[in-house]
Amino acid sequence: MVKQGIAISVSELTKKYREKEVLKSVNFTVPRGSIYALLGSNGAGKTTIVKILSTLLKPDSGSAAVNGFDVVSQEKLVRKCISLTGQFTAVDEVLTGRENLNLIGQLMRLSDVKSKTNEWLSFFDLQEASDRKVSTYSGGMKRRLDIAMSLMIDPEVLFLDEPTTGLDPQNRIAMWDLVKHLAMQGTTVFLTTQYLEEAEYLADNVAILHKGRILIEGTPQYLKEIRPQSGAYLNFKSEKDAAKAMKLLNENSIPVDAIELNLPSLEDVFLTLIDEKKEDTERV
Ligand SMILES: Nc1ncnc2c1ncn2[C@@H]1O[C@H](COP(=O)(O)OP(=O)(O)OP(=O)(O)O)[C@@H](O)[C@H]1O
Ligand SMILES: [Mg+2]
């Protein structure tokens, strides 16, 4: 049965490379039209999950479905509704940027290859370089072209493996805007990242993956609220007031300019969780 509101569902997924357990019973679901960020350090298993969901790799056990289609038994149907920008660039260096986009458009049998090519060249600020060989592009330009290639079709589900690694702040923000825009139009976006602020800014839901396990999952707000160490910042009108307040806050009425509740950042949540995990493993 296809569940209406669910774009991706993953159940008890495991994967080993030789003896090494890379995914250990991973479970999550991604609502349709939402942005889901998988956050984790190097080697956590992010790319392995993306590869399984995009049918490039088979899991050892468990199941995963995209748009209601099983990634193993219905891989062709899955491929029809997804697009992937892998962690490492898939652009052809010998071709120009324009030729790369045209090629994808032709392979996908799109009717409006020319206009789509121009649209994405312009969006990613690549018009000037469009007729130069990709081997002459900077890393950021290649990355942008790579993402443009996966957007030539309008995928229902878009996988982006570390989409902003190697992009400068300006291009990173443009990418964030694009992801938000795509999700607003109904595309489900599944992305991996090592940048906590990226997950915090973009994602409706975040999962923290650590050594092949999801430690926690939820909205960025939820992840922050469940940590007990939230505190408050008090802004005083002068340093003198602040100094006095340290001693006298309880007994005296000290003028306070602003009181701001301060939740921990996702970075705090991430680092505390990983720390706790480390202690757990050390105890075993
Ligand atoms: N083909 C392979 N053969 C053996 N081990 C592999 C293979 N691919 C990945 N691994 C191992 O599996 C683990 C998870 O790798 P994966 O690429 O999924 O991590 P990641 O979270 O994407 O990391 P990164 O942030 O560095 O991209 C790592 O320890 C990696 O060395
Ligand atoms: Mg990776």
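Atoms within each ligand, like the ligands themselves, are counted from 1 in listed order. Residue numbers count from 1 along this sequence.
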- [ ] List the closest protein heavy-atom neighbour of atom 12 (O) of ligand 1: residue, atom name, distance to the nearest 0.1 Å.
- [x] Val22 CG2, 3.2 Å
Task: Glu93 bridged to Lys142 by N-O distance under 4.0 Å - done: yes
Task: Best match, Arg18, Lys15, Lys20: closest heavy atom to atom 29 (O) of ligand 1 - done: Lys20
TODO: May I ask you to identify the nearest protein heavy atom to atom 26 (O) of ligand 1, giving residue, atom name and distance to one decimal place in Å?
DONE: Asn42 ND2, 3.0 Å
Open item on the list: Check for me whether Ser41 has a heavy atom closer than 4.0 Å to any atom of ligand 1.
Closed with: yes
Open item on the list: Between Thr219 and Asn205, is there a side-chain donor-acceptor contact under 3.5 Å, judged purely by atom types and distance?
Closed with: no
Open item on the list: Can you tell whether the side chains of Lys58 and Glu75 come within less than 4.0 Å, N to carboxylate O?
Closed with: yes
Task: Contact check, Gly45 vs ligand 1, heavy-atom distance below 4.0 Å - done: yes
Open item on the list: Is atom 10 (N) of ligand 1 near the protein, in the sense that some protein heavy atom lies at less than 4.0 Å from it?
Closed with: yes
Open item on the list: Is it true that Asn171 and Arg143 share a donor-acceptor pair across their side chains at a distance under 3.5 Å?
Closed with: no
TODO: Tell me which protein heavy atom sits closest to atom 25 (O) of ligand 1, plus the residue, atom name and distance to 0.1 Å.
DONE: Lys46 NZ, 2.7 Å
- [ ] Tell me, with the steps shown, if Asp131 and Arg98 meet salt bridge (charged side-chain N to carboxylate O under 4.0 Å, His left out).
- [x] CA-CA 6 Å; Asp131 297 315; Arg98 185 182 300 282; 3.0 Å; yes
- [ ] Specify the protein heavy atom at minimum distance from atom 17 (O) of ligand 1: its residue, its atom name, and the distance to 0.1 Å.
- [x] Thr47 CB, 3.6 Å
Open item on the list: Suppose the cut-off is 2.8 Å; which protein N/O/S atoms would you list for the Mg ion (ligand 2)?
Closed with: Thr47 OG1, Gln87 OE1
- [ ] Indicate yes or no: does Lys224 engage Glu200 in a salt bridge with an N to O separation below 4.0 Å.
- [x] yes
Task: Thr193 side chain reached by Leu191 side chain, heavy atoms, under 4.5 Å - done: yes
TODO: For the pair Lys180 and Asp177, find out whether any cationic side-chain nitrogen is under 4.0 Å from an anionic carboxylate oxygen.
DONE: no
Task: Nearest-neighbour protein heavy atom for atom 16 (P) of ligand 1, which is reported as residue plus atom name and distance - done: Thr48 OG1, 3.6 Å
TODO: Determine whether Val22 and Phe28 fall in the same hydrophobic cluster, where Ile, Leu, Val, Met, Phe, Trp and Tyr are linked whenever their side-chain heavy atoms lie under 4.5 Å apart.
DONE: yes
- [ ] Nearest 0.5 Å please: distance from the CD1 atom of Ile52 over to the CG atom of Leu13.
- [x] 4.5 Å
Open item on the list: Heavy-atom contact check, 4.0 Å cutoff: does Lys51 meet ligand 1?
Closed with: no
- [ ] Specify the protein heavy atom at minimum distance from atom 23 (O) of ligand 1: its residue, its atom name, and the distance to 0.1 Å.
- [x] Gly43 N, 2.8 Å
Task: Given Leu84, Thr85, Ile82, the one that forms side-chain contact (heavy atoms from CB on, under 4.5 Å) with Ser150 - done: Thr85
Open item on the list: Quick check on Lys51: does its NZ atom have over 12 non-hydrogen neighbours (other residues, nucleotides or ligands) under 6.0 Å away?
Closed with: no
TODO: Quick one: look up the protein heavy atom nearest atom 1 (N) of ligand 1 and list residue, atom name and how far away it is.
DONE: Tyr17 CE2, 3.6 Å
Open item on the list: Looking only at protein heavy atoms, which one is nearest to atom 27 (O) of ligand 1, and what is the separation?
Closed with: Gln87 NE2, 2.8 Å
